[in-house]
Amino acid sequence: MANLNIIQVPSQTNTVDERAAYDSGTVTTGHGQASGVYVVVQKGTRANVNIDFTISTISEESYHYFKERVWGIFSNEEQQKLEENYGGFGMAGGLFSGMFGLLFGGGDYNHYKDKSASFNVENDEKKEEFTKNVYNLSVSEFHVTGQLIAEGTSFIPVTVSSYVQTTKLKFSDGKELHVLSLNDSQAAAQNGSTKGVQSSPEHLSITPL
């Protein structure tokens, strides 16, 4: 099984007072560590891994407001593809990655999946409208909790922790936005390897601080 693309998820994002610089930047998708706890599993054993962290991100209300504002940018076919793969707030990180992929990745909603790549509006009004709305999203501090069941699939013991799918957007002025996919948590080793373990995640809870 392929390794997770591990990305750093800070507890706070940068704040900026300068004029918005949303014309270019980078999109990084992967999995951010969701717990400082590690467990050891092997074939025939299971362990619960608690998920407990704080992060600056968007609220569900902001997510729906943003989606309403930018949805018309995409064709009916693109909207359907996004809904089928990333419907709902629980897959918000995937939705943002997919939107950027459709606009900046040659129409491929998987363009930014598990990697980091740049974007540039290149004087395209539709792209500029989209990135402006992303840039202007407000964030708040949230507490994310939940549990993940890690089950060993190899007789060789592996040490794993919990990771949550995250899309990190960094603009050219340094401003960052982190969007989570709460329905996508996995157990993996510190280097991102999922070899020797399978996951049974539960839906995570997110509450404002």
Side-chain angles (χ1 to χ4, degrees), residues 1-7 9 22-32 34 55 57-139 142 144 146 163-172 175-186 188 192 194 198-204 206:
M1 189 175 292
N3 287 8
L4 302 182
N5 181 37
I6 303 301
I7 64 177
V9 182
Y22 45 78
D23 60 333
S24 63
T26 58
V27 179
T28 304
T29 67
H31 284 73
I55 188 171
T57 187
I58 63 172
S59 66
E60 184 169 4
E61 181 180 6
S62 294
Y63 161 81
H64 289 297
Y65 176 74
F66 164 77
K67 188 176 175 182
E68 288 178 4
R69 289 184 64 87
V70 303
W71 205 235
I73 292 174
F74 302 94
S75 68
N76 291 336
E77 182 180 354
E78 289 171 336
Q79 291 175 9
Q80 183 178 358
K81 183 176 293 186
L82 290 169
E83 286 287 4
E84 288 176 350
N85 290 276
Y86 310 113
F89 180 62
M91 293 300 293
L95 181 72
F96 274 67
S97 174
M99 286 179 168
F100 269 92
L102 288 172
L103 288 173
F104 300 97
D108 178 11
Y109 68 93
N110 281 325
H111 177 74
Y112 292 99
K113 185 176 181 179
D114 292 330
K115 67 178 182 180
S116 181
S118 63
F119 68 88
N120 194 308
V121 301
E122 296 177 338
N123 297 317
D124 185 302
E125 291 184 3
K126 184 170 70 171
K127 293 178 180 178
E128 183 177 357
E129 178 185 353
F130 174 77
T131 55
K132 180 180 179 179
N133 277 282
V134 175
Y135 185 93
N136 289 329
L137 274 167
S138 60
V139 298
F142 287 90
V144 181
Y163 296 82
V164 176
Q165 199 278 336
T166 306
T167 295
K168 180 174 75 172
L169 309 168
K170 185 172 184 178
F171 294 89
S172 57
K175 182 176 182 178
E176 292 186 6
L177 174 68
H178 298 82
V179 187
L180 306 177
S181 286
L182 297 175
N183 291 350
D184 184 358
S185 57
Q186 294 188 48
T194 57
Q198 62 183 17
S199 310
S200 300
E202 297 182 7
H203 180 70
L204 308 185
I206 181 168

If you take all heavy atoms of [X] and [Y], which pair is closest and at what distance?
| X | Y | result |
| --- | --- | --- |
| Phe100 | Thr131 | CE2-CG2, 4.2 Å |
| Ala92 | Ser181 | N-OG, 3.9 Å |
| Gly30 | Asp114 | CA-OD1, 4.1 Å |
| Ser185 | Val164 | CB-CG2, 4.1 Å |
| Thr57 | Val179 | OG1-CA, 3.9 Å |
| Gln186 | Thr194 | OE1-CG2, 4.1 Å |

Donor-acceptor under 3.5 Å ([X] side chain, [Y] main chain):
| X | Y | result |
| --- | --- | --- |
| Thr167 | Gly93 | yes |
| Thr166 | His31 | no |
| Tyr63 | Gly88 | yes |
| Ser24 | Ser172 | no |
| Tyr112 | Ser118 | yes |
| Gln79 | Trp71 | yes |

Spacing of [X] atom [atom1] and [Y] atom [atom2] [to the nearest 0.5 Å]:
| X | Y | atom1 | atom2 | result |
| --- | --- | --- | --- | --- |
| Leu204 | Asp184 | CG | CG | 9.5 Å |
| Lys168 | Thr26 | NZ | OG1 | 7.0 Å |
| Leu180 | Met91 | CG | CE | 11.5 Å |
| Leu177 | Phe171 | CG | CZ | 6.5 Å |
| Glu129 | Arg69 | CD | CZ | 8.0 Å |
| His178 | Leu169 | NE2 | CG | 8.5 Å |

Legend entry - Verdict with supporting geometry, Tyr86 and Phe96, ring pair (Phe, Tyr, Trp, His ring centres under 6.0 Å): CA-CA 9 Å; Tyr86 310 113; Phe96 274 67; over 10 Å; no
Inset, instruction - Take Asn120 and Glu122 through the side chain to side chain contact (heavy atoms under 4.5 Å, CB included) test and state the conclusion after the steps. - result: CA-CA 6 Å; Asn120 194 308; Glu122 296 177 338; 3.5 Å; yes
Inset, instruction - State which residues pass side chain to side chain donor-acceptor pair (under 3.5 Å) with Gln80; sequence neighbours excluded, sorted by chain then number. - result: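 By the side chain to side chain donor-acceptor pair (under 3.5 Å) rule, Gln80 matches Glu84.
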Under 4.5 Å between any side-chain heavy atoms of [X] and [Y], yes or no?
| X | Y | answer |
| --- | --- | --- |
| Leu102 | Leu82 | yes |
| Lys126 | Leu103 | yes |
| Ile58 | Phe66 | no |

Inset, instruction - Take atom NZ of Lys113 as the centre, draw a 6.0 Å sphere, and report whether it contains more than 12 heavy atoms from other residues, nucleotides or ligands. - result: no
Inset, instruction - Take the angle between the ring planes of Phe104 and Phe119 and call it parallel below 30°, perpendicular above 60°, tilted in between. - result: tilted
